[in-house]
Novice: 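Here it is, the structure, as structure tokens.
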Number of protein chains: 2
Amino acid sequence: MTPRTDADELTERPRIPLSRRRVLRAAVELADRDGLASLTMRRLAQEVGAEAMSLYHHVANKEAVFDGVVEVILEEIMAAVDEVQAPSPEEDWQAALRARILAAREVFLRHRWAPRVLETRTTTSPAVIAYYDHVVAILRAGGFSFDLAHRALHVLGSRALGFTQELFRPDGARTANAEAAAMMEQMADRFPNIVGMLADAVHDDPDGTLGFCDDQFEFEFALDLILEGLERRRAAGS
Amino acid sequence: MTPRTDADELTERPRIPLSRRRVLRAAVELADRDGLASLTMRRLAQEVGAEAMSLYHHVANKEAVFDGVVEVILEEIMAAVDEVQAPSPEEDWQAALRARILAAREVFLRHRWAPRVLETRTTTSPAVIAYYDHVVAILRAGGFSFDLAHRALHVLGSRALGFTQELFRPDGARTANAEAAAMMEQMADRFPNIVGMLADAVHDDPDGTLGFCDDQFEFEFALDLILEGLERRRAAGS
DNA sequence: ACCTGAACACCGTTCAAGT
DNA sequence: ACCTGAACACCGTTCAAGT
């Protein structure tokens, strides 16, 4: 290459030495900006101004990058949850847990690719365990036995962290209403119940500004149903 | 290559012509046997005794293979669900839906990689819509408004199909009990609540033969809690 | 119509060599 | 100690050529 000149020194941003921390932060930023598929070792190296091979001095391999990225997200969630204003768990465990879960959810709304990564982790990270430890603490303060708290974690699953994998996802860009209506008419005989349901939903929302499903509303509906079911079992002393 | 001989004709299995159907079935078998990571175009081609490029005459690309694989699994689920012995939905919608969901779950237990594929599909396949249409039919027969049926689908999410992504998964091979105990002692100060919970669970199951979590039990506990919550809202007429 | 070989533009990762 | 270039063994996919 050509020798470095003073001009280069000025235009180049100063070389911050590589570190695990810096690599992981860059990975999150890259996924935020260009999507999870863009998170390759080569692109990540480019992002931090190094060669792909340099990354291996700070992370063992690509799996370790995914593990680390989950760590970073979990820290963001922990910080968000700590700042929540809510009744103490002793006073009202449902309100306390609900508020924290909704705060965690906001983090995932900022990193929509993150659930997909979290669900591929086979070894549960200490950061995830720490989060669930916090959830169990709230349940215990609310009067749960360890046994019921354990079952509660399974019932909540990823919802405790603030996300659920939506099975009915909009096809890429949200399907236009006109297009949706045409599709519904075409499907009416094959899927009479779904079509009836969709027709009803559109009727309830004549402007159609909200689209078919209000994610936040559905998430809270499910969360409340689950928290109520758990409270009933707790009160029954199971 | 060498010219074909009569011996070749006998040892070679007769060449069944390639077809979309045959490709997709082979894809499911390959994932069952060697895991989802092994499902590459090149290995799939090998599986059906052809070159990778030949596949492209029957499927558009790899995404289409995943779409097709979901189709095959959904057909298997539909067949399993159709054979279920259960009360009619008019009589007892909870029992009717519960039995069908548990039947669907058995299909996913045979294809443990399938949830991961299903959750990456961005365009909801007709097969999935058909399944959910069936679920809505049961809810309607049980007295649900379209609006509540819609919310029920969101609450159930993938559980309606018989699976949930387990966030606490055993690390590869199920962690040995001795190892688990050692880890717990080490974690006691950092995660007091989780450790307490685990200690309690082990106490309930002194032999430890079941391991920490009984997946089937947890799945049914969550399912029942959710179905009860939905029934309460239906009875309240929301 | 259906299949194929060679080639292209990517991957993650190893290794030996640089400073 | 930290970084790198070349190389290896893979990917999915295009294209022109075969039958």
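Worth saying up front: this structure is predicted, and the values here are computed from it rather than measured. A, B, ... follow the sequence lines: proteins, then strands. Residue 1 opens every chain.
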Novice: Which nucleotide in the set C:dG12, C:dT13, D:dT13 lies at the smallest distance from any side-chain heavy atom of A:Thr40?
Specialist: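 Taking heavy atoms from C-beta onward, the closest nucleotide is C:dG12.
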
Novice: Spell out, as yes or no, whether a donor-acceptor pair under 3.5 Å connects the side chain of B:Asp133 to the backbone of A:Asn193.
Specialist: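 Between the backbone of A:Asn193 and the side chain of B:Asp133 there is a qualifying donor-acceptor contact (under 3.5 Å).
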
Novice: Tell me if a side-chain donor or acceptor on B:Ser158 pairs with a main-chain N or O of B:Phe163 at a distance below 3.5 Å.
Specialist: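 Checking the backbone N and O of B:Phe163 against the side chain of B:Ser158, a donor-acceptor pair under 3.5 Å is found.
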
Novice: Look at A:Glu218 together with A:Arg105 and state whether they make a salt bridge at an N to O cut-off of under 4.0 Å.
Specialist: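 So A:Glu218 does not pair with A:Arg105 through a salt bridge.
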
Novice: Could you work out which one of D:dT13, D:dC3, C:dC11 sits closest to the side chain of A:Arg42?
Specialist: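 The nucleotide sitting nearest to the side chain is C:dC11.
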
Novice: Classify the side chain of B:His57 versus the base of C:dC2 as yes if they form a donor-acceptor pair under 3.5 Å and no if they do not.
Specialist: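 No, no donor-acceptor pair under 3.5 Å.
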
Novice: D:dT14, D:dC3, C:dC3: which one has an atom nearest the side-chain heavy atoms of A:His58?
Specialist: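 The answer is D:dC3, which lies nearest to the side chain.
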
Novice: List DNA chain D stems (3 or more consecutive Watson-Crick/G-U pairs, under 3.5 Å)?
Specialist: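 Stems for DNA chain D, defined as runs of 3 or more consecutive pairs: C:4-8 with D:12-16, C:12-16 with D:4-8.
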
Novice: Between D:dT4, C:dT13, C:dT4, which nucleotide has the shortest distance from any of its atoms to the side chain of A:Glu51?
Specialist: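 For A:Glu51, the side-chain atoms sit closest to D:dT4.
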
Novice: Hey, does the Lys NZ or Arg CZ of A:Arg121 hover above the aromatic six-ring of A:Phe66, less than 6.0 Å from the centre and inside 45° of the axis?
Specialist: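 No, A:Arg121 does not lie over the aromatic ring of A:Phe66.
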
Novice: Using 4.0 Å as the upper bound for N to carboxylate O, is an ion pair formed by A:Glu220 and A:Arg98?
Specialist: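 A salt bridge is present here (some side-chain N lies under 4.0 Å from a carboxylate O).
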
Novice: Between atom CG in A:Asn61 and atom C1' in C:dT13, what is the gap in whole Å?
Specialist: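 In whole Å, C:dT13 C1' and A:Asn61 CG are 9 Å from each other.
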
Novice: Measure the distance from CE on A:Met53 to P on C:dG12 and round it to the nearest whole Å.
Specialist: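 Rounded to the whole Å, the gap is 9 Å.
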
Novice: Contact between A:Glu47 and A:Arg22 at the side-chain level, heavy atoms closer than 4.5 Å - yes or no?
Specialist: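 In short, these two side chains do not touch, never coming nearer than 4.5 Å.
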
Novice: Starting at the 5' end of DNA chain D, which residue's closest nucleotide do you reach first, B:Ala52 or A:Ser54?
Specialist: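 Per heavy-atom nearest nucleotide, the more 5' residue is A:Ser54.
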
Novice: Please tell me which of the listed nucleotides, D:dC11, D:dT4, C:dT4, lies nearest to the side chain of B:Arg43?
Specialist: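 Closest nucleotide among those given: D:dC11.
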
Novice: Would you indicate what B:Met41 reaches in the nucleic acid, counting non-hydrogen atoms under 4.0 angstrom: base, sugar-phosphate, or nothing?
Specialist: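 The answer is sugar-phosphate, as B:Met41 gets under 4.0 Å only of primed atoms, P, OP1 or OP2.
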
Novice: So does B:Tyr56 get a side-chain nitrogen or oxygen closer than 4.0 Å to the phosphate oxygens (OP1/OP2) of D:dT14?
Specialist: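 So the side chain of B:Tyr56 is outside the cut-off, no N or O lying under 4.0 Å from OP1 or OP2 of D:dT14.
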
